[in-house]
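Numbers here are sequence positions counted from 1.
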Amino acid sequence: MAHVEVVSPASLLGTVSLKGIYILGYGWLYGMSVWVSFFGGIIAFRTLPRHQFGALQHKTFPIYFSSSIRLSLALLGLWAYAHSELLANITSPLRADVAQTYVLGSVIALQSCNQFVVGPMTSRTMFQRHKLEKEEGKNYNEPGVSAQMKALNTKFGMLHGMSSLANLGAVIALTFHGLWIGSYGL
């Protein structure tokens, strides 16, 4: 039979631990990543007019990316703190603790790429396209759009694809990390 803990002030204080904080941080990061990537954006895309959807994403994604970076950095710091031999073995990626460090580092790198490079370029291109649509009196996908619009469409598609792939890579890395800590602990 499992040990049953009695709820007391001491047992409540015992819930504040490195493991507890780590799991809450990971849960927040993973839940946010899955929601933004697979639900929130799709719901907004299906519900809002395209220009409003673009404006919403322009405001939402920087918060999402910066939150992802900060939470991943916090998890990486907690992971390094909990694995004292990590730095001495950082060049041994087949060690589980080091591999998980690389996984968290990849999330930070991918979301930083989105936050500081690809995201701003994508937004700038999207707003250029919106402006040109107003000037030409045509939507970006109508027949007879200008060569400039076609170039913006190509650029936007490329940047959007890069951003989506970077974000998907981060979600896959977080999924792997979650499966790892679920199976082997912290």
**Q** Side chains of Tyr64 and Ser68, heavy atoms from C-beta outward: is any pair under 4.5 Å?
**A**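 Tyr64 vs Ser68: side chains touch.
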**Q** Does any donor atom in the side chain of Ser146 or Glu136 lie under 3.5 Å from an acceptor atom in the other side chain?
**A**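 Ser146 vs Glu136: donor-acceptor pair found between side chains.
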**Q** Return the CG to OG distance between Asn89 and Ser84, rounded to the nearest 0.5 Å.
**A**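 If we round to the nearest 0.5 Å, Asn89:CG and Ser84:OG are 9.5 Å apart.
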**Q** For Glu142, enumerate each residue passing the salt bridge (Lys or Arg N to Asp or Glu O under 4.0 Å) test, keeping only those at least two apart in sequence or located in another chain.
**A**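 Residues passing salt bridge (Lys or Arg N to Asp or Glu O under 4.0 Å) with Glu142: none at all.
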**Q** Could you check whether any side-chain heavy atom of Thr125 comes within less than 4.5 Å of a side-chain heavy atom of Leu152, counting everything from C-beta outward?
**A**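 They are in contact (side-chain heavy atoms under 4.5 Å apart), so the answer is yes.
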**Q** Do other residues, nucleotides or ligands put more than 12 heavy atoms under 6.0 Å from Phe45 CZ?
**A**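 Check fails, neighbour count at 12 or below.
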**Q** With rounding to the nearest 0.5 angstrom, report the OG1 to CH2 distance, Thr175 to Trp180.
**A**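 Interatomic distance, Thr175 OG1 to Trp180 CH2, rounded to 0.5 Å: 15.5 Å.
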**Q** For the backbone of Lys150 and the side chain of Thr154, can you confirm whether one donor and one acceptor N or O come within less than 3.5 Å of each other?
**A**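 Yes; at least one donor-acceptor contact below 3.5 Å.
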**Q** Is it possible for you to say whether Val107 and Leu186 belong to one hydrophobic cluster, with membership spreading through side-chain heavy-atom contacts below 4.5 Å?
**A**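 Looking at the clustering, Leu186 is in the same group as Val107.
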**Q** Examine Val36 and Val171 and state if one hydrophobic cluster contains both, with Ile, Leu, Val, Met, Phe, Trp and Tyr joined whenever side-chain heavy atoms are less than 4.5 Å apart.
**A**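 Yes, because Val36 and Val171 connect within a single hydrophobic cluster, where side-chain heavy atoms sit under 4.5 Å apart.
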**Q** Would one find more than 12 heavy atoms of other residues, nucleotides or ligands at under 6.0 Å from atom NE2 of His160?
**A**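 At most 12 heavy atoms, drawn from other residues, nucleotides or ligands, come within 6.0 Å of this atom.
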**Q** Would you say Ser33's side chain and Leu29's backbone share a donor-acceptor pair under 3.5 angstrom?
**A**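 Judged by distance alone, yes, a pair lies under 3.5 Å.
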**Q** Is the OH atom of Tyr81 crowded by more than 12 outside heavy atoms at less than 6.0 Å?
**A**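 Atom OH in Tyr81 is not crowded, with 12 or fewer foreign heavy atoms closer than 6.0 Å.
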**Q** Distance from Asn139 atom CG to Leu132 atom CG, nearest 0.5 Å?
**A**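 Output value for this atom pair is 11.5 Å.
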**Q** Can you name the closest pair of heavy atoms from Leu110 and Gly169 and give their distance?
**A**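 Closest pair (atom of Leu110, atom of Gly169, distance): CD1-C, 3.7 Å.
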**Q** Are the side chain of Asn153 and the backbone N or O of Tyr140 linked by a donor-acceptor pair below 3.5 Å?
**A**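 Flag set: sc Asn153 to bb Tyr140 pair under 3.5 Å.
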**Q** Give me the atom names and distance for the closest heavy-atom approach of Ser123 to His58.
**A**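 Where Ser123 meets His58 most closely, the heavy atoms are OG-ND1, 3.0 Å.
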**Q** Have Tyr22 and Ser17 got a donor and an acceptor in their side chains that come within less than 3.5 Å?
**A**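 No, because no side-chain N or O of Tyr22 sits under 3.5 Å from a partner of the opposite role on Ser17.
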**Q** Linking I/L/V/M/F/W/Y whenever any side-chain heavy atoms sit under 4.5 Å apart, do Leu78 and Ile69 land together?
**A**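 Linked, Leu78 and Ile69 end up in one cluster.
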**Q** Is a donor on one side and an acceptor on the other found under 3.5 Å between the side chain of Lys138 and the backbone of Gly144?
**A**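 Checking the backbone N and O of Gly144 against the side chain of Lys138, a donor-acceptor pair under 3.5 Å is found.
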**Q** In Å and rounded to the nearest 0.5 Å, what is the CG to CD distance from Leu86 to Gln100?
**A**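 Leu86 CG to Gln100 CD: 11.0 Å, rounded to 0.5 Å.
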**Q** Just verifying a value: how many Å separate Ile90 CD1 and Arg95 CZ, rounded to the nearest 0.5 Å?
**A**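 So the CD1 of Ile90 and the CZ of Arg95 are separated by 10.0 Å.
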**Q** Are the side chains of Phe53 and Thr47 in contact, using a 4.5 Å heavy-atom criterion?
**A**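 No, their side chains stay 4.5 Å or more apart.
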**Q** Is there a chain of hydrophobic side chains (I, L, V, M, F, W, Y, each step under 4.5 Å between heavy atoms) that links Leu165 to Met158?
**A**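 No; tracing contacts between hydrophobic side chains, which count when under 4.5 Å, never links both residues.
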**Q** Suppose we screen for salt bridge (Lys or Arg N to Asp or Glu O under 4.0 Å). Which residues come up paired with Arg50, at least two apart in sequence or across chains?
**A**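 Glu133.
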**Q** Once rounded to the nearest 0.5 Å, what's the spacing between atom OG1 of Thr101 and atom CG of Leu75?
**A**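 Answer rounded to 0.5 Å: 11.5 Å.
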**Q** Is there a path of hydrophobic side-chain contacts, each under 4.5 Å between heavy atoms, that joins Leu48 and Met126?
**A**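 Hydrophobic grouping puts Leu48 apart from Met126.
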**Q** Sub-3.5 Å donor-acceptor pair from the side chain of Tyr26 to the main-chain atoms of Leu71, do we have one?
**A**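 Absent.
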